[in-house]
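One structure is given below, encoded as structure tokens.
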Amino acid sequence: MNIHGIRAIYRFEMARTFRTLMQSIASPVLSTALYFIVFGAAIGSRMGDIDGTSYGAFIIPGLIMLSLLGESISNASFGIYMPKWAGTIYELLSAPVSWLEVVIGYVGAAASKSVILGLLILLTARFFVDYEILHPLWMFGFLVLTSVTFSLFGFIIGLWADDFQKLQVIPLMVITPLTFLGGAFYSINMLPPFWQKVTLFNPVVYLISGFRWSFTGRADVHIAVSTGITLGFLLICLAIVWWIFRSGWKLRS
């Protein structure tokens, strides 16, 4: 394992993040803060509790997931696509690093950015909403697991995309709608029975439900199922990346 190669890729990607703090960190935190102001402080104060939790505290896991999924995918896909677009990918191809070390470097950096962003959003929420975390270790573990999983998914999108438009199609047209419809702002138990069953086909439901359990101790789906679905998606993404590189696919634009 070329640790120096992994470290070089990781440090380069993290340095790029800190050079663009307004875009990478400040912008998503500010956007999520507006949700807390509108839905948590303004509207939430006029709504009843959901499963014994105030509405403002109830939507915190969903809002964190909303930002986390989008940023994980965008960070990883943009990180590997830019060298392809600029032509600097050949420097990486000529370096003594394997495909696994490339994946660890890029995905590790994207996941680190997402975890930092999630924690900053959680800290920001404290200014607008009172909340408690019943299972902090589980919360952090689920945060890391989700960040790694969707950073790997974003890496696959970056490999697949051949223009900037394709980088945004899945995050904007697929992930964001699924998150809004996955219980970010409501419990699926509030839906009619038929739509509850339909909603269970939305994979984001299991992410939000598992993450919310770490805060409130209550979930729409059993925590074991949520964890299993997330781990299963991670393994699928790993298998896809392995197949891409083992089939002889090259990191060329």
Side-chain angles (χ1 to χ4, degrees), residues 24-25 27-40 43-44 50 53 55-78 110-111 113-122 124-125 129 131 139 142-157 167-191 195-216 218-221 223 225-227 229-234 236-237:
S24 302
I25 302 296
S27 178
V29 170
L30 178 60
S31 299
T32 308
L34 294 176
Y35 280 107
F36 285 125
I37 293 173
V38 175
F39 290 97
I43 298 177
I50 299 179
T53 304
Y55 185 72
F58 179 83
I59 65 174
I60 289 176
L63 288 177
I64 293 177
M65 280 293 167
L66 180 63
S67 295
L68 194 71
L69 300 186
E71 291 300 317
S72 295
I73 294 174
S74 296
N75 286 331
S77 61
F78 189 80
K113 300 174 197 176
S114 299
V115 170
I116 293 172
L117 178 62
L119 294 177
L120 286 176
I121 292 175
L122 188 61
T124 303
V129 180
Y131 65 88
M139 183 277 296
F142 211 83
L143 186 70
V144 172
L145 176 62
T146 304
S147 298
V148 171
T149 300
F150 280 83
S151 293
L152 189 58
F153 183 49
F155 186 82
I156 295 172
I157 294 174
L167 290 178
Q168 299 299 322
V169 168
I170 294 180
L172 294 180
M173 301 297 292
V174 178
I175 300 300
T176 299
L178 287 180
T179 305
F180 275 94
L181 297 174
F185 297 98
Y186 58 88
S187 169
I188 65 173
N189 293 326
M190 300 167 65
L191 300 174
W195 290 109
Q196 288 185 31
K197 296 178 181 178
V198 172
T199 303
L200 292 177
F201 289 96
N202 180 354
V204 179
V205 167
Y206 303 94
L207 300 174
I208 296 176
S209 178
F211 196 52
R212 181 170 286 139
W213 178 86
S214 67
F215 283 77
T216 65
R218 295 182 177 87
D220 295 326
V221 183
I223 187 62
V225 177
S226 297
T227 306
I229 293 292
T230 308
L231 288 173
F233 187 61
L234 174 61
I236 291 173
C237 290

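A quick note: this is a predicted structure, and the numbers were derived from the prediction, not measured.
The shortest side-chain heavy-atom distance between T230 and T149 falls under the 4.5 Å cut-off. Looking only at side-chain heavy atoms (C-beta outward), F155 and C237 stay at 4.5 Å or farther from each other. Side-chain atoms of I229 and V205, non-hydrogen and from C-beta on, never get closer than 4.5 Å to each other.
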Give the intermediate values and the outcome of side-chain contact (heavy atoms from CB on, under 4.5 Å) for residues L143 and L119. CA-CA 9 Å; L143 186 70; L119 294 177; 3.9 Å; yes

Evaluate side-chain contact (heavy atoms from CB on, under 4.5 Å) for L66 paired with F180, printing each intermediate quantity in order. CA-CA 8 Å; L66 180 63; F180 275 94; 3.9 Å; yes

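Judged by distance alone, the side chain of T32 and the main-chain N or O of I121 form no donor-acceptor pair under 3.5 Å. For N202 (side chain) and L178 (main-chain N/O), a donor-acceptor pair under 3.5 Å exists by modelled atom type. Y186 places a side-chain N or O within donor-acceptor distance of the main-chain N or O of L181, the cut-off being under 3.5 Å. Of the possible polar contacts, one joining the S77 side chain to the S74 backbone as a donor-acceptor pair under 3.5 Å is found. Under a 3.5 Å cut-off, the side chain of E71 and the backbone N or O of S114 do not form any donor-acceptor pair. The backbone N or O of L122 sits less than 3.5 Å from a side-chain atom of Y131, completing a donor-acceptor pair.
Between S209 and A219, the closest heavy-atom pair is OG-CB, 3.2 Å. In terms of heavy atoms, I73 sits closest to P171 at CG2-CG, 3.6 Å. Of all the heavy atoms in M65 and L207, the pair that sits closest is CE-O, 4.0 Å. Closest approach of I188 and Q196 over heavy atoms only: O-CG, 3.0 Å. Across all their heavy atoms, S67 and L117 have their closest contact at O-CD2, 4.4 Å.
L68 CG to T146 OG1: the interatomic distance, rounded to the nearest 0.5 Å, is 6.0 Å. One distance of note links CD1 of I59 with CD1 of I208; it measures 11.5 Å at 0.5 Å rounding. Here CG of L69 is found 13.0 Å from CD1 of I170. Values are rounded to the nearest 0.5 Å. One finds the CG atom of L200 at 4.5 Å from the OH atom of Y206 (value rounded to the nearest 0.5 Å). L231 CG to L145 CG: the interatomic distance, rounded to the nearest 0.5 Å, is 5.0 Å. Note that CD1 of I175 is 7.0 Å distant from CD1 of I157, once rounded to the nearest 0.5 Å.
Classified by interplanar angle (parallel below 30°, tilted 30° to 60°, perpendicular above 60°), the ring pair F211/F142 is parallel. Between F150 and F153, the ring planes lie perpendicular to each other; the angle is over 60°, past the 30° to 60° tilted range.
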